[in-house]
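These notes are about the structure you will find just below.
These numbers were taken from a predicted model, which means no experiment stands behind them. Throughout, numbering of the chain's residues begins at 1 and tracks the sequence.
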Amino acid sequence: MAGYKPVAIQTYPILGEKITQDTLYWNNYKTPVQIKEFGAVSKVDFSPQPPYNYAVTASSRIHIYGRYSQEPIKTFSRFKDTAYCATFRQDGRLLVAGSEDGGVQLFDISGRAPLRQFEGHTKAVHTVDFTADKYHVVSGADDYTVKLWDIPNSKEILTFKEHSDYVRCGCASKLNPDLFVTGSYDHTVKMFDARTNKSVLSVEHGQPVESVLLFPSGGLLVSSGGRYVKVWDMLKGQLLVSLKNHHKTVTCLCLSSSGQRLLSGSLDRKVKVYSTTSYKVVHSFDYAASILSLALAHEDETIVVGMTNGILSVKHRKSEAKKDPLPRRRRPAYRTFIKGKNYMKQRDDILINRPTKKHLELYDRDLKNFRISKALDRVLEPSCVIKTPEVTVSIIKELNRRGVLANALAGRDEKEISRVLNFLIRNLSQPRFAPVLINAAEIIIDIYLPVIGQSPVVDKKFILLQGLVEKEIDYQRELLETLGMMDMLFATMTRQESSSLLEHTSVEFPDKKKTASCCLNRTKKNF
């Protein structure tokens with residue numbers, strides 16, 4: 001057996017997610033820390049200034065958390081009812097929030113009692129924000145109004161009544177202190193200018209608007225509502241792109257620190273990451289419950305997600321720890337190993353090739369020595385089955401080619417046959433393995449059919465295998481039905497094209513006949 005040829009392992013396309021730079025970047029977070037709040041987390045907002053604490057709005061309280069703390073470092077609880085949309089000012093020193101009773105409260109981060117209370121809305125205030133000059137606050141409420149407040153005088157400056165339904169989201173421009181945007185359940189997004197006392201732009205989103213976001217440049221606007229995320233050109237008021245990558249309502253939006261990635265959270269428990277150049281999904285996060293709020297820290301160091309079940313999920317980026325170089329003993333220089341590598345053979349030189357010794361795999365050694373059952377056992381080990389199932393399939397295929405697959409599968413106890421059945425259940429439905437494994441499944445059924453009923457464990461595996469085969473048969477039947485419908489459609493289209501061609505030909509032929517008859521009549525008259 002000196003000429004034994006190792007088993008050729010068939011290669012298959014690698015399945016799974018394509019590894020990109022975005023995948024590596026957004027997967028570089030630690031295991032999430034989960035914090036239980038008193039109610040659904042409706043808003044998370046990071047302070048723009050160090051140490052980048054974040055405010056969490058849930059139930060009738062606002063908690064301030066440190067970057068790495070799991071307990072709140074400060075709590076604001078001076079609310080009679082549910083609190084909404086706690087938002088930091090640009091300097092991180094003040095915090096503004098709305099409430100269910102229609103009030104807007106302004107807090108100093110270093111204190112506890114509200115500095116200012118703005119009364120004017122008659123229903124719940126769901127959105128508040130500071131303007132770019134830091135001295136005014138914009139608020140939108142369920143009374144269909146948008147109000148502009150003056151912080152030093154605690155007075156209402158302007159009221160806009162252009163919405164016809166609840167105003168649930170809004171944001172102020174970071175460049176112009178007079179511009180701010182609101183989104184409403186009347187399906188519209190409006191931009192207001194405090195200098196003109198009216199809206200200067202209105203776009204139709206098509207769904208109740210849950211969140212709006214302005215790009216740092218101020219030229220692009222993003223709105224979310226229903227299953228759609230839409231990007232608008234602020235200068236022209238035109239829709240640039242409409243994204244429909246979620247299965248349920250999109251509730252929150254967020255931009256990365258660089259502005260190159262847009263994040264959206266939805267009730268379908270997913271966070272999608274989009275490229276702001278191609279607007280394609282470059283990454284996705286899965287969570288345990290529906291998502292209501294989303295925020296990113298400075299330099300994307302922390303991602304915080306608030307959910308409907310009151311859980312706050314906090315992910316911190318992994319730190320790149322520098323490994324201390326270990327003392328290594330001095331080894332020969334690199335040139336020692338490559339000495340003579342580029343030597344050119346001369347005319348009188350004799351070239352002697354040193355034969356390289358090929359090492360056989362363990363399953364190849366077993367096959368070489370006709371230990372077929374042992375070879376099959378080696379490739380049914382969990383490490384091989386999970387990481388390289390193609391090796392297991394190749395060995396089964398080789399045993400079948402030799403005609404000894406039935407001998408290798410026979411005479412097994414309950415544990416051994418369970419391992420074989422588990423592999424079949426796991427991989428039988430994969431098209432790349434199906435031709436080989438279906439044959440193996442038929443052989444197993446033929447061998448162990450007389451002993452079915454003696455082991456409940458094996459019987460359960462056979463029932464699972466039967467259900468899997470029946471499901472695959474149903475899929476094949478549906479595919480055949482679809483192919484039949486497509487063939488019918490193609491045949492109908494071909495028939496219509498041929499009939500139209502015949503009609504076109506028949507239209508041309510009568511004209512030719514008329515022309516010929518006219519020529520014939522003229523000839524007769526001349527004679």
Item to check | Exam field: side chain Asp143 to backbone His121, donor-acceptor pair closer than 3.5 Å | outcome: no
Item to check | Tyr25 six-ring centre to Arg317 NZ/CZ under 6.0 Å and within 45° of normal | outcome: yes
Item to check | Sidechain-backbone polar pair: Ser199 side chain, Ser202 backbone, donor-acceptor under 3.5 Å | outcome: no
Item to check | pair Lys270-Lys272: side-chain heavy atoms closer than 4.5 Å | outcome: yes
Checklist entry - Which distance, rounded to the nearest 0.5 Å, do you find between the NE2 of His205 and the CH2 of Trp232? => result 7.5 Å
Next on the checklist: A side-chain contact here means heavy atoms from C-beta on lying under 4.5 Å apart; do Trp26 and Val273 qualify?
Outcome noted: yes
Next on the checklist: If I take atom NZ from residue Lys280 and atom CG from residue Asp22, how far apart are they, to the nearest 0.5 angstrom?
Outcome noted: 13.0 Å
Next on the checklist: Taking the ring centre of each residue, are Tyr84 and His126 less than 6.0 Å apart?
Outcome noted: yes
Checklist entry - For Lys387, does the NZ atom have more than 12 heavy-atom neighbours from other residues, nucleotides or ligands under 6.0 Å away? => result no
Checklist entry - So, do Phe79 and Phe38 have ring centers that fall under 6.0 Å from each other? => result no
Checklist entry - Using 4.0 Å as the upper bound for N to carboxylate O, is an ion pair formed by Glu100 and Lys123? => result no
Item to check | Residue among Tyr52, Tyr68, Tyr29 satisfying ring-ring contact (aromatic ring centres under 6.0 Å, His included) with His316 | outcome: Tyr68
Next on the checklist: Holding to salt bridge (charged side-chain N to carboxylate O under 4.0 Å, His left out), I want the full list of residues that pass it with Asp377, two or more places apart in sequence or in another chain.
Outcome noted: Arg412
Next on the checklist: Are Val56 and Tyr54 packed together at the side-chain level, in the sense that at least one heavy-atom pair is separated by less than 4.5 angstrom?
Outcome noted: yes
Next on the checklist: Would you say the rings of Phe180 and Phe160 are close, in the sense that their centroids are separated by under 6.0 Å?
Outcome noted: yes
Checklist entry - Are the side chains of Val128 and Ser139 in touch, meaning some heavy atoms are under 4.5 Å apart? => result yes
Item to check | For the student: nearest non-hydrogen atoms of Thr251 and Ser211, plus distance | outcome: O-CB, 3.7 Å
Item to check | Donor-acceptor pair, side chain of Arg89 and main chain of Leu94, under 3.5 angstrom | outcome: no
Item to check | Cation over ring face, Arg168 and Tyr185, 6.0 Å, 45° | outcome: yes
Checklist entry - How many angstroms lie between atom CG of Asn427 and atom CD of Glu390, to the nearest 0.5 angstrom? => result 9.5 Å
Checklist entry - Do the side chains of Ile109 and Arg93 get nearer than 4.5 Å, heavy atoms only? => result no
